[in-house]
Structures are given as C-alpha cells and as structure tokens.
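Since we're looking at a predicted model, the values are computed, not measured.
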Amino acid sequence: MSLLTTTSCSYGSGGCRIATLAPARTLAACTSGAHNGLMHCSLYAVLIVTGLLASCSEPRDDGETQVSVIGSGFAQVDPDRVPLTPPDRILAGATAQSLVTLDSNGQVEPALAESWIVTSDGLSTIFRIRMAHWRDGTDVNGDHVAQSLNRAVAADSRNPFKPLLSAVDTVVGMTGRVVEIRLRTPRPNLLQLLAQPEMAIQRGREGLGDFRIAHFTRNRVRLTPIAAEDDPPDQVRDPVLLRAERPALAIARFVANRSDLVMEGTLADWPYVRTATLRPGRLHIDAVQGLFGLAVISKSSFLGTSDIRAALAMAIDRTALANAVGLSGWVTAESPLPAQLDSAAPPTRPDWSGASQVQRRADAAARIAAWRNGRQIPILRVGLPAGPGMRLMFARLDADWRLIGVRAKRVTLNAPDADLRLIDAVAPNSSANWYLTELSCSAGLACDEEADRALDASRSADTLAGRSVQIADADRVLTKRASFIALGNPLRWSLVDPSLPGWKENVLGAHPLSELRPPRSAAN
C-alpha cells in the first residue's frame, strides 16, 4: 500500500502545503469504523506528514516558543457577540487580560487587578487596578473596566458566561484605578469566572494582555511580549508563534522537533496521538471536569419521553466504550454532575445506575419494544465532530443501541436534523450552576421547566445554603428528565517539550502562554 504525496514549502506563506493522494483501500480503512483500520490509518497519516515536515525548508527560530493549537484557524472576535473557539480562547488569553487570571496550576492570581477585597457579606468585591496604559498612552481606570464588564452582562450580550453572572447587580468605576462589582447574592466562584478569556477587559477591540500581535493570518499568529512596568529591565519573555492546524500535522510537527507544544487535543483526535512515536514524558492529560455526552435536542415523538431517553443512556456500556477509544483509565459518568460541588446533596444517580449491564439492556430493549408496537425501527441521527476518535465512539454507540432495537446514523456536529448532539466542554469553575445552565432550556435541549425554575431560584436565593438546596433540586429534576446522556469526563491532552517548565497539568486545563518559559536575560 502506498501514498502519493506532493509537498510545496514557502517560508513567507508559513510553511508546508501538503497534498496527499491515497488509494481507495487506504481511505476505506480510515472511514470504515473498524478499530484496527482506524489505528493503522492514524499512524500512517502521522508518519507520512512527519516525513514531509522533515523535508520542508522553513527554518525554525529557536528564540521563540512554537505552539500548535488543534483547530481550523484564528479569529479576532468579540466574545460578547460570538463564541470563542479553542484557538480563539488561547489568542484572547494572550492578548487581552481579565481582572484576574489562572496561573499554570489553575489557581486564581492577579492580572489587571493588583489586589482585591471581598466585603464580609460577600455582596461586593472591590478591585484595585495596576498601573497600565492603553496603546495611545491613556491610563487604564476603573471606568474603563466597568464599561467592559457591564457590556458582558448587558441584556443584549451573548457572552457564554452571562447566565452565570446573573447575580451581578452592577459594576461601578470608582475613584481612579478602583472598580467595584456589586452582587445581589454572594458568589464564591466569581473570581474563576472573571479569569476566563471571555471576561477579558477591552476598550473597543484593544486588550491588555502579556502579548501583542505582530503578524496575523488565519492559521499563523506571531506574538510579541509586552514588558510590564514592574518587570526587571534585563529580563524578557520569548515571542510566541501560534499555529492552528489539523491534529495529524500538529503531532507530526512536534515529533519532528519543529514545535514545542501541541494544545487542545480531544477524544476526536486521540487515536492520532496514541499511534505517534513520542519520547517519554511528552504526552500530558489534564484531569479536567466538565460535560462529555449526548444532549437530546430533537422534539420527535420517539425521544419525547424520559423513559425512552433513559433507555438510550442505560444501554451504553461505558467501560466497553472507554476500551474502544483506547482510554482504559477514563473516568466514565452516568450523571451530569461529577461531584457534589456547591449542591446541598451528592449528584443524583439515574434509577438504573445500580443495575448490571445485562439488566440495563434488557430493560432498555423492553422500553423500545413497547414504544415500537408495530412501528418501524427508529433511527437516531447523532451529531459528532470529525476525527477518528469520534468514528470509534460512534461505532460503539451504534453497536450498543442495535442490541435494544435502535439504529443510529452519524451526522455532522451542527447538522440541523440531528437528534442527539455531543457536548464536550470543560467546566470554567467548581460550581454546579455551570453544568445545569449548559443543560437548561435556554441551551436548546429537550428540557424541563421545573428544572429551569429550580435553577432560576438558585440564582436568586438570598443565602448560599438556600442556593445549594435549589441546585440539588434542579439536579434531581434534570437527571430524571434524562435529556443528557452522560458518558464521562472531557479528555484534554497536550504534547509538551521539556524545555517548557511552566506547563503544568491542572483541573481547569489552564496553560497561560506567558508562563511556559521563565524570562531570560536580554543579553541572550
């Protein structure tokens, strides 16, 4: 079996342009859904691209940190209007700063705010802004910060964290470099939300990050470090070259020692990295929590009852699914909440969670048979991202559902006719509020107004204890509703060169570019 490839390299255009022609039997192995075929295809793709990279003439600048981000490209978008993709979030986190940020351990630390205090009743947080300047030389003041944050929580904002900030009454710029966030009810996890790139402080389209964009194209961004006023004059950070590229190319570039870091790996591209030849200690997996599972978005008669939705969930052998995708140690899940978090009770378990897999399938098959009662075999359209990991996952889901009398058809993630759609998202903080919001009526799922009422009540509760009780109630109703089929924790993997001592695994998956390498002497 052979592949015919053509390669053209152009330094000015940003590297290699690779075209690959494959015989039909190779393509069949890539798309058949067979476990061995997918593994072979993934390995072959990485090896081929690695060989092509080795022949490219683009020189590597060892004075800059080279980072590959898995994704289709970068865009400079307004997070209050358009959702940020993973590459966009990394770019935004480097070029625009929030009041606080997450360090390489995933802990909150000062950013634009040099200090803050929380009042004893928890209803006000007052920040003192560090000395900083906009590009035109204007001092950054509390009014600038207040305007940016008020825009994020405004009625017409489409910021994804707006529902989680419903407790914000107002943000007020005070004298000089002071800003106050006033809350209707206490929010212990407020700082973790403010640390997200979506909450960065901006004036117009200008941010206050650690880097400035020196060159921008859709697939390549060169970032120049900005020295803070309190930085030692003889210490400088390295510039960063960001590339947005396909997983096989990103992995191959790393294997060929032409990049220092690969970020934003998911289960979709996991087979590629499993089959790559990596030196020890290069592959890292963040122990993140969040949502990974199938949301019911169809209003069809088949999916219209919680009994049928629960049947689909209980039929899935999650251990076999983990083995099928090559994640034997994967933390699987049957409920939306991964832990009690700030709920008054442990996560609600589905009624079927204590049964054996054999019992679950028998019960699920009986429910499907009762629904059919002479009807045709139902066909589920499952919206999934591209990638070999998703092909493996779909093959396993399809096999499990066939055992209970249901067929499945894979469609693109955002297909308008999808019945189920994958949610693969990392939680931004340790509050159950985020999980319940992502699965609420406003998120477009088959929903339950009772659960939404409990969720709304939790946001307006006068006390933290009352809020916890309402969260537990919303969790109970949502789990019973079965509009989300939980599968496990999200997978987030990275490839990290040992020359980046500042990269550390953490539960929030936070990896600031400014901390990858320590500053070096300007003389070097």
Return yes if some donor-acceptor pair links the side-chain N/O of [X] with the main-chain N/O of [Y] below 3.5 Å, else return no.
| X | Y | value |
| --- | --- | --- |
| Ser356 | Gln359 | yes |
| Thr479 | Arg476 | no |
| Asn159 | Ala152 | no |
| Asn323 | Ser328 | no |
| His284 | Leu495 | no |
| Lys162 | Asp80 | no |
| Arg421 | Leu413 | yes |
| Gln357 | Met314 | yes |
| Arg243 | Arg220 | no |
| Arg318 | Ile316 | yes |

Would you call [X] and [Y] a side-chain contact if the rule is heavy atoms closer than 4.5 Å?
| X | Y | answer |
| --- | --- | --- |
| Val288 | Val507 | no |
| Gln470 | Leu455 | no |
| Val325 | Leu491 | no |
| Leu380 | Leu397 | no |
| Pro428 | Gln192 | no |
| Tyr435 | Pro338 | yes |
| Val469 | Ile471 | no |
| Leu420 | Ile297 | no |

Worksheet item: Are Arg89 and Glu198 within salt-bridge range, i.e. N to O under 4.0 Å?
Response: yes
Discussion item. Closer than 4.0 angstrom, basic N to acidic O: yes or no for Arg492 and Asp424?
Written reply: yes
Discussion item. Evaluate Asp400 against Arg361 for salt bridge (Lys or Arg N to Asp or Glu O under 4.0 Å), listing each step before the verdict.
Written reply: CA-CA 9 Å; Asp400 284 342; Arg361 281 185 177 153; 2.7 Å; yes
In chain order, what residues pass the salt bridge (charged side-chain N to carboxylate O under 4.0 Å, His left out) check against [X], with sequence neighbours excluded?
| X | answer |
| --- | --- |
| Arg81 | Asp156 |
| Arg467 | Asp342 |
| Arg402 | Asp398 |
| Asp286 | none |

Fill in: is_close_aromatic(Phe292, Trp330), centroid dist under 6.0 Å
yes
Worksheet item: salt bridge (Lys or Arg N to Asp or Glu O under 4.0 Å) between Arg459 and Asp456: does it pass, once the steps are laid out?
Response: CA-CA 5 Å; Arg459 292 171 177 164; Asp456 290 341; 3.7 Å; yes
Fill in: Any pair counted as side-chain hydrogen bond (donor to acceptor under 3.5 Å, both in side chains), so long as it reaches residues 373-387, sequence neighbours left out
Arg381-Asp419
Between [X] and [Y], a side-chain donor and acceptor under 3.5 Å:
| X | Y | value |
| --- | --- | --- |
| Arg205 | Gln76 | no |
| Ser343 | Gln340 | no |
| Asp307 | Trp371 | no |
| Arg187 | Asn429 | no |

Worksheet item: Closest heavy-atom contact between Asn219 and Ser72?
Response: ND2-O, 3.4 Å
Under 6.0 Å from the [atom1] atom of [X], do we count more than 12 heavy atoms belonging to anything else shown?
| X | atom1 | result |
| --- | --- | --- |
| Lys480 | NZ | no |
| Arg372 | CZ | yes |
| Ile379 | CD1 | no |

Under 3.5 Å, which donor-acceptor pairs link side chains of residues 344-352 to any protein atom two or more places apart or in another chain?
from, atom 1, to, atom 2, distance (Å)
Thr348, OG1, Asp475, OD2, 3.2
Arg349, NH2, Glu334, OE1, 3.3

Item to complete: Take Asp269 and Trp493 through the side-chain hydrogen bond (donor to acceptor under 3.5 Å, both in side chains) test and state the conclusion after the steps.
Response: CA-CA 10 Å; Asp269 30 75; Trp493 60 264; 3.2 Å; yes
